Protein chains: 2
Amino acid sequence: MTTGTRRRLAPEVRRRQVLDAAIAVFSEEGLHGASMDAIAARAGVSKPSVYAHGGTKDELFAACLAREADRLMSSMTAAVLPDGSSGEDGAQQRLRRALRAFFRAVTTHRQGWTVLYRQASTGEFAGPVDAARRSIVIRAAELLAAELGGSVEAAEPIAHTLVGAAEGLADWWLGGDHAPGEQEPADLLADMLMAVVWPGLDALRRV
Amino acid sequence: MTTGTRRRLAPEVRRRQVLDAAIAVFSEEGLHGASMDAIAARAGVSKPSVYAHGGTKDELFAACLAREADRLMSSMTAAVLPDGSSGEDGAQQRLRRALRAFFRAVTTHRQGWTVLYRQASTGEFAGPVDAARRSIVIRAAELLAAELGGSVEAAEPIAHTLVGAAEGLADWWLGGDHAPGEQEPADLLADMLMAVVWPGLDALRRV
DNA sequence: CAACCTATCTACTCCTGCGTAAAGTAGCGA
DNA sequence: TCGCTACTTTACGCAGGAGTAGATAGGTTG
């Protein structure tokens with residue numbers, strides 16, 4: 001790994017490198033299992049450089065969480081907001097689009113998802129992370145309440161169920177290695193989840 | 001914490017005390033956050049005693065996982081196996097009973113569940129834990145395949161979805177504090193989950 | 001081409017916390 | 001009453017890893 005020549009890069013570029021390496025290592029080893037030395041090695045950089053660009057280990061971890069949470073949130077937000085097809089598109093369409101965006105983001109940046117979902121659920125970083133999660137759940141609850149009737153509070157447990165189901169399915173998909181199918185996997189996963197939950201949600205509407 | 005009188009107890013009893021204390025501390029602090037001193041203090045016992053009865057920190061943690069996983073597994077197994085009402089009871093009934101058992105176990109032993117679900121999902125203990133989880137998923141998949149038709153492999157993603165949904169709902173319930181309602185909360189949660197997913201599962205049967 | 005700024009590296013310090021050793025004390029059976 | 005031994009207190013060895021100080025060298029500007 002000794003390139004022999006040590007290169008000076010723009011701080012922004014180095015910071016990006018360090019963040020990427022940190023996410024990779026954190027996703028494999030967890031917050032405590034990862035050492036700053038390992039992150040430095042992965043980034044192809046010395047440890048003081050990691051401190052210079054990423055700060056303390058905790059700050060670095062927080063930065064990873066922030067970046068990945070932001071990425072995920074903005075993907076889903078972008079998918080739901082613009083009503084692409086003009087005219088009325090019901091809750092079913094919007095829900096499916098949100099799920100597709102979720103699965104696409106998760107399958108595309110699996111390391112980031114792993115850090116958010118498995119490594120940050122506990123400890124002092126639980127707060128920020130499930131703030132983001134909660135934000136997703138609230139959106140889902142609002143969508144459900146608007147379309148199925150009832151208050152947002154009443155829809156909250158259902159939204160948690162839905163989000164949990166999506167996480168479970170994503171986790172399964174990321175766990176095994178799957179042969180590349182003919183269709184985009186994310187869309188397939190979204191359709192599968194919709195097939196399971198939508199009839200039930202639809203039935204709740206006409207109670 | 002000095003009781004003044006120090007009591008001699010049977011090794012089995014002491015071991016139980018240590019395990020209970022360990023689960024309590026691990027559930028609050030996580031594997032790395034918990035110190036052996038803290039566990040000793042919680043158990044009302046000196047640190048060497050913890051080592052005498054619980055072994056190494058890792059061994060102790062593994063023992064906690066084993067006990068709680070076993071508790072959960074046997075609860076659910078017991079709930080599904082004996083067909084209480086004679087005669088045919090369909091997949092819907094068995095599924096509901098399994099879910100009730102799950103939610104009952106989780107709400108009853110929340111510390112144990114926390115250790116399994118949040119603290120052990122990463123690191124070197126991921127293996128044993130999601131072996132147990134996988135076992136539950138397989139059972140669910142078998143049940144679904146038997147009743148809805150199709151192979152077990154095809155039912156696997158659906159089973160993961162189902163288990164994820166249950167975990168999400170349980171996590172939500174354990175997160176907030178809820179006023180004691182008129183009905184057993186576990187049964188309420190199971191009914192809620194069934195309402196969401198069963199119509200979809202039922203629809204899959206007649207494809 | 002020389003001076004200089006600063007990104008980067010090598011090589012430390014220091015602290016936390018696991019795990020254990022040694023010596024003393026007190027419950028409980030004989 | 002005597003001892004066996006589970007248990008406690010206290011102190012320490014040791015490893016791993018976070019964070020830093022000082023040296024080094026890439027690039028840049030006059």
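Everything numeric here is computed off the predicted structure, so don't read it as measured data. In what follows, chains are A, B, ... by sequence order, proteins preceding strands, each numbered from 1.
Between A:F61 and A:F125, the ring planes are perpendicular. Angles over 60° get that label, and only those under 30° would be called parallel. Note: A:H178 and A:W173 have parallel aromatic rings, judged against thresholds of 30 and 60 degrees for the angle between ring planes.
Contact check of residues 16-36 of chain B against DNA chain C (heavy atom, cut-off under 4.0 Å) returns B:A34, B:S35, B:M36.
Taking only side-chain atoms of B:S46, from C-beta outward, the nucleotide of D:dA18, C:dT8, D:dT8 with the closest atom is D:dT8. Ranking C:dC9, D:dT8, C:dG19 by closeness to the B:K47 side chain, first place goes to C:dG19. Candidate nucleotides D:dC7, C:dT10, C:dT8 were compared by shortest atom distance to the side chain of A:R14, and C:dT8 ranks first. The side chain of B:Y51 has C:dG19 as its nearest neighbour among C:dA11, C:dG19, C:dC9.
Note: NZ (B:K57) to P (D:dA15) measures 18 Å, nearest angstrom. When the P atom of C:dT20 is taken as reference, atom CG of B:D37 falls 14 Å away, rounded to whole Å. Atom CZ in B:R15 sits about 18 Å away from atom C1' in D:dC7, given to the nearest Å. Distance A:E59 CD to D:dA18 C1': 13 Å, rounded to the nearest Å.
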Walk me through whether B:L201 and B:L95 qualify under side-chain contact (heavy atoms from CB on, under 4.5 Å).
CA-CA 11 Å; B:L201 295 178; B:L95 188 54; 4.1 Å; yes
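Note on B:S49: a side-chain N or O is less than 4.0 Å away from OP1 or OP2 of D:dT8. Contact annotation: B:H53 side-chain N/O to D:dA6 OP1/OP2 distance is not under 4.0 Å.
Between B:D187 and B:R96 no salt bridge is recorded (no basic side-chain N to carboxylate O distance below 4.0 Å). Electrostatic pairing of A:E28 and A:R42 counts as a salt bridge here, judged by a charged N lying under 4.0 Å from a carboxylate O.
Partner of A:D20 under the side chain to side chain donor-acceptor pair (under 3.5 Å) criterion, out of A:R15, A:Q111, A:R67: A:R67 alone.
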